[in-house]
Each structure stands twice: as C-alpha cells, then as structure tokens.
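FYI, side chains are in, hydrogens and waters are out, and symmetry mates aren't considered; it's all heavy atoms of this structure. The sequence lines fix the lettering, A, B, ..., with proteins before strands; numbering per chain opens at 1.
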2 protein chains.
Amino acid sequence: MERADLHDKDTVFTRTGDFADRDAFTAAGWCAMERSLEVVGTRSAMMLVREAFYGGRRFDDLVRRTGLAETVASKRLRQLVADGLMERRPYRVPGARTRHEYVLTERGRSLFPLFVALMNWGSATDGGRGGVELAHAGCGEALLPAVRCAAGHDVGIEETEARLVTSRPAADEPSR
Amino acid sequence: MERADLHDKDTVFTRTGDFADRDAFTAAGWCAMERSLEVVGTRSAMMLVREAFYGGRRFDDLVRRTGLAETVASKRLRQLVADGLMERRPYRVPGARTRHEYVLTERGRSLFPLFVALMNWGSATDGGRGGVELAHAGCGEALLPAVRCAAGHDVGIEETEARLVTSRPAADEPSR
DNA sequence: CTGTATCCCAGCGGATACTG
DNA sequence: CAGTATCCGCTGGGATACAG
C-alpha cells in the first residue's frame, strides 16, 4: 500500500499504528471536524461570531455589520445561543426599556484560533488588497495561526501523527 | 458609544484607531474570512482536504473515506484544483495504465492550522467520545491550535487589535 | 429597535444511471 | 477504477411585510 514515489514536498501526516490503513477507522465514528462544521460551518455563523469578536452586541449592529438579512441573522443567532456559543443577555440603559445583547460564551470565544486561521488563510492569497488586519496590541505585529503540541513544541504538518483514540482521557481539565 | 458595563470576561478585541467605529470600515471591502469561506466553506471541501492530509490521493479512496457521493466529490475536487488547493497529477504503476492522483499544493497545505483548529474545537466539546486525535510525532503530545504575532508572542483574544489596512506591504507575492 | 412570518431562489449534497 | 450526466430534496440566505 505504501507508495515510494512521493516527493518530499508532498509529505502529509505521519501514519502510524492503526492509522496505517485509514479505512480501519473510517467507521470509528463522527469526525471532530465535521462536528465543528455542523455548528460553525455556515457563512452567517462565522460572520456573526466575527462581529462579536469585534465587539458587536446589539442585534441591529450585528445585522448591519455582517450585511446579513435580518431573517437570517435572527435564525442563526437563535441557533448560536442554542449551541452555547452566545448568550442572550438582557440589559437596560437608564430611561429606556430593557433590551437584549448577544455575548460570546467561553465556547464561542474559543473559536479565536479558528477565526485567526480563516482570516490569515484568506488574506495570504488576496494579493494585498487590503482590509482588516489582526495584530498584537502589545507590539503591533500581525497575528499568525500556529500549531503546537501540549508539550510546547511547534509542530509542522510533516511531524503530525494521526491516531485513533477509543475514549479520550477524562475531559480536558484545566490543562495543568 | 462605549459601554462601561462589560464584565472583564466579556472582553473581546481591543479597538483602536479607525476601528473604534467598526462601521467605518464595513465598506472597506471583502473580509478575508469570507474569502476563505468561499473556497473551503463547504463540508465536502474540508473533508477532501482532510483526507489529503491523511494521505489519500486516489479518487476512489477519497470518495470512500469521506463518504461523499461520487458526483459531489468529483465536482468539488475539480473546484479545489481550479482554486489551486490541489493538483491533479498523472502517475503510472508499471503494468497498469496511467492514472491520476490528487495532491495538495502549498496553498492547500497551508490549511493545516485551520484544520487543527477545527478538529480541536470539535473535540473539545464532544464529551470524550473518542475518534481521531492529532499528535506530535516527536513527543506524542496532542496538537493544539495557537495564535502568535510575527514577533513570536503568544496572543490572547483580549490582546488582539483589529485595524484597517489600505494595502498591505507586499507580503510574499510579487505577482501582478 | 428587535425581531418573526412568508415566499423564493441558488447551491450543496445524494441517488441513479451511464462511459472509458 | 475514475469519473460524468441528470434529477431532486434540503437548507442557507435574501426580500418583503408585519409585530412588540
């Protein structure tokens, strides 16, 4: 099954153990990536999350800044709340009646690396057309998505190994 | 415009300069994130890229391992090639007739951080149901998506600043 | 201002059947 | 084995109109 005619530049993941035959675990169940896409795989979902990152909270602002139709924004926001990415929170400005605002939950905020990766990948090939750029407020340098292992090493695609886990060790506690 | 009743945990991006009013640059054009979604915003596209990362190359394997219908895989692969994420390359095994295989281009390979972010976000909330896990082949530790600035600092969401750039300083693309 | 209710269209993805 | 051609249902998203 192994092919010997691959160029070095074609290297993908290291395949080890069960993974030598990827078919063996195709039946292992739902891929985590697909689970993510079920929730944030739509344009409207990511756009609303984006505006939330930018500080948008009120329905009106979110609609205008995303450019989505109100109907779409409404339905998607309801779903984002149901999925636990956002919280619909009442608040009141003195003298006005109670309103609601949409605030990212911790789960929603944990989309940050995904958002940066999307922004970066899109801008990497746009020929410098300009637009919004994300930067480190401390030093002003642009943000870049990275991949590291739990031990802190930077990991490239060719150093990545995929493996089958039957049941991951007790949920991700405060990772030490 | 500024709200003073925000909890610390609600902090999102730091807003500075032009960005104090996000509306000011809504008209600044297409968001890089949306550009990414136009290309890899579909389930089929990311699933095919995933299998390419896992080492899949032949049409038959890609179809079986993604579980996509042949028609869908066919059309999506054609588009991925057109978008420059994959390359359709002829090859031949002695004694057999020439076949084609799909190989990730550098642009396709640069989706690696995005892929890791998607995998990680999806598995972070699955209650440890098990499945595929990505790890550092060197030390065996699990992979995590990260965000850094060009100067090498780790950057959290609350240290992130968004700003408007009219035309980015000729990054890495002499084209055009 | 903050939505919801309808109607409509385009695109994704599947099923089936057919080629080289 | 590696696709293409057709048909078709589902849903994402927009337009319009209306409500609290």
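When the P atom of D:dC1 is taken as reference, atom CZ of B:R99 falls 8 Å away, rounded to whole Å. The CG-P distance, from A:L77 to C:dC1, rounds to 17 Å in whole Å. In this entry the distance linking CZ of B:R57 with P of D:dC1 reads 18 Å, nearest Å. One interatomic measurement links the two molecules: CZ of B:R64 to C1' of D:dC1, which rounds to 11 Å at whole-angstrom precision. For B:E38 and D:dG12, the CD to C1' distance is 14 Å, given to the nearest whole Å. Note: CG (A:L48) to P (C:dG3) measures 12 Å, nearest angstrom. One can place OH of B:Y102 at 12 Å from C1' of D:dC1, the figure rounded to the nearest angstrom. With rounding to whole Å, A:R78 atom CZ is found 15 Å from D:dT11 atom P.
Ring orientation note: the planes of A:F53 and A:F115 are tilted relative to one another, at an angle of 30° to 60°.
Judged as a side chain to side chain donor-acceptor pair (under 3.5 Å), and not counting sequence neighbours, A:R99 has no contacts. Scored by the side-chain contact (heavy atoms from CB on, under 4.5 Å) test, B:E158 finds B:T11 as partners (sequence neighbours excluded). Residues meeting the ring pair (Phe, Tyr, Trp, His ring centres under 6.0 Å) test with A:Y102, sequence neighbours left out: none. Listed by chain and residue number, nothing satisfies the salt bridge (charged side-chain N to carboxylate O under 4.0 Å, His left out) test with B:R43 (two or more places apart in sequence, or in another chain).
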Practice problem: Encode nucleotides 8-20 of chain C as B, S and - characters from 5' to 3', where the letter depends on protein heavy atoms closer than 4.0 Å: B to the base, S only to sugar-phosphate, - to neither. | Solution: ----SBBBB---B
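At C:dG3, one or more side-chain N or O atoms of A:R88 fall inside 4.0 Å of OP1 or OP2 (strictly under the cut-off). Taking only side-chain nitrogens and oxygens, A:R58 comes nearer than 4.0 Å to OP1 or OP2 of C:dT2.
Residue pairs that meet the ring-ring contact (aromatic ring centres under 6.0 Å, His included) test with at least one member in residues 140-160 of chain B, sequence neighbours left out, are A:H136-B:H153.
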